[in-house]
**Q** 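What follows is a single structure, and I will ask about it in a moment.
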Amino acid sequence: MRLLTHNLLTCNAKGVTKGFPLKIEATQVETQTTDYNEAFIKNMIPKLEYQVLRNAAKQLDESMSLPEVLTPEMQEDEAILKKIHTALMELVVIEGNLICPESGRKFPIKAGIPNMLLNEDEV
């Protein structure tokens, strides 16, 4: 699961009002090289919860150094855009769990795919 995916997922279990951001409990993380696409990153930035991305990236890779705040000027800086690309597209959780911040419900991640299916009693 890429951090791009993580930034878009939420817990929709019955009774949960604050299901975002999901906590990451990673048991296997890989870095998978992907082609850098500046236009894609620039288009995704307004759709992201930047602090969620920054915290998740730091949790998975302590050497990841995204700026604390992303200013409009920084959104034009190619070096910063490449760091955001690395965080969004190249840090991949292979195995682990996503955990609802409100209910504690765990959603497994297997082979890089998060299973967000709810049980009947959770719908």
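Owing to the predicted nature of the structure, the values given are computational and were not obtained by experimental measurement.
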**Q** Given His85, which of Asn37, Asp35, Thr34 fulfils the side chain to side chain contact (heavy atoms under 4.5 Å, CB included) condition?
**A** Thr34
**Q** Only one of His6, Glu25, Lys106 passes side chain to side chain contact (heavy atoms under 4.5 Å, CB included) with Leu98; say which it is.
**A** His6
**Q** Please determine which of Asn97, Ile99, Leu118 meets the side chain to side chain contact (heavy atoms under 4.5 Å, CB included) test together with Phe107.
**A** Leu118
**Q** Sequence neighbours excluded, which residues qualify as salt bridge (Lys or Arg N to Asp or Glu O under 4.0 Å) partners of Glu102?
**A** none
**Q** Rounded to the nearest 0.5 Å, how far apart are CG of Leu4 and CD1 of Ile84?
**A** 12.5 Å
**Q** Once salt bridge (Lys or Arg N to Asp or Glu O under 4.0 Å) is applied, what residue pairs with a partner in residues 111-123 remain, sequence neighbours excluded?
**A** Arg105-Glu122
**Q** For residues 64-71, dump all side-chain donor-acceptor pairs below 3.5 Å to protein atoms at least two apart in sequence or in another chain.
**A**
| unit_1 | atom_1 | unit_2 | atom_2 | d |
| --- | --- | --- | --- | --- |
| Ser65 | OG | Lys83 | NZ | 3.4 |
| Thr71 | OG1 | Glu73 | OE1 | 3.3 |
| Thr71 | OG1 | Met74 | N | 3.2 |

**Q** Give, for atom CZ of Phe20 and atom CG of Asn7, the distance between the pair rounded to the nearest 0.5 Å.
**A** 5.0 Å
**Q** Which distance, rounded to the nearest 0.5 Å, do you find between the CE of Met116 and the CG of Asn12?
**A** 7.0 Å
**Q** Is it true that, when you exclude Lys42 itself, more than 12 heavy atoms of the residues, nucleotides or ligands shown sit nearer than 6.0 Å to its NZ?
**A** yes
**Q** How far does CG of Leu9 sit from SG of Cys100, to the nearest 0.5 angstrom?
**A** 12.0 Å
**Q** Say you draw a straight line from CD1 of Ile109 to CD of Glu95; how long is it, rounded to the nearest 0.5 Å?
**A** 8.5 Å
**Q** Between Glu90 and Arg2, is there a side-chain N and carboxylate O pair less than 4.0 Å apart?
**A** no
**Q** Looking at Lys82 and Glu78, does any basic side-chain N land under 4.0 Å from a carboxylate oxygen?
**A** yes
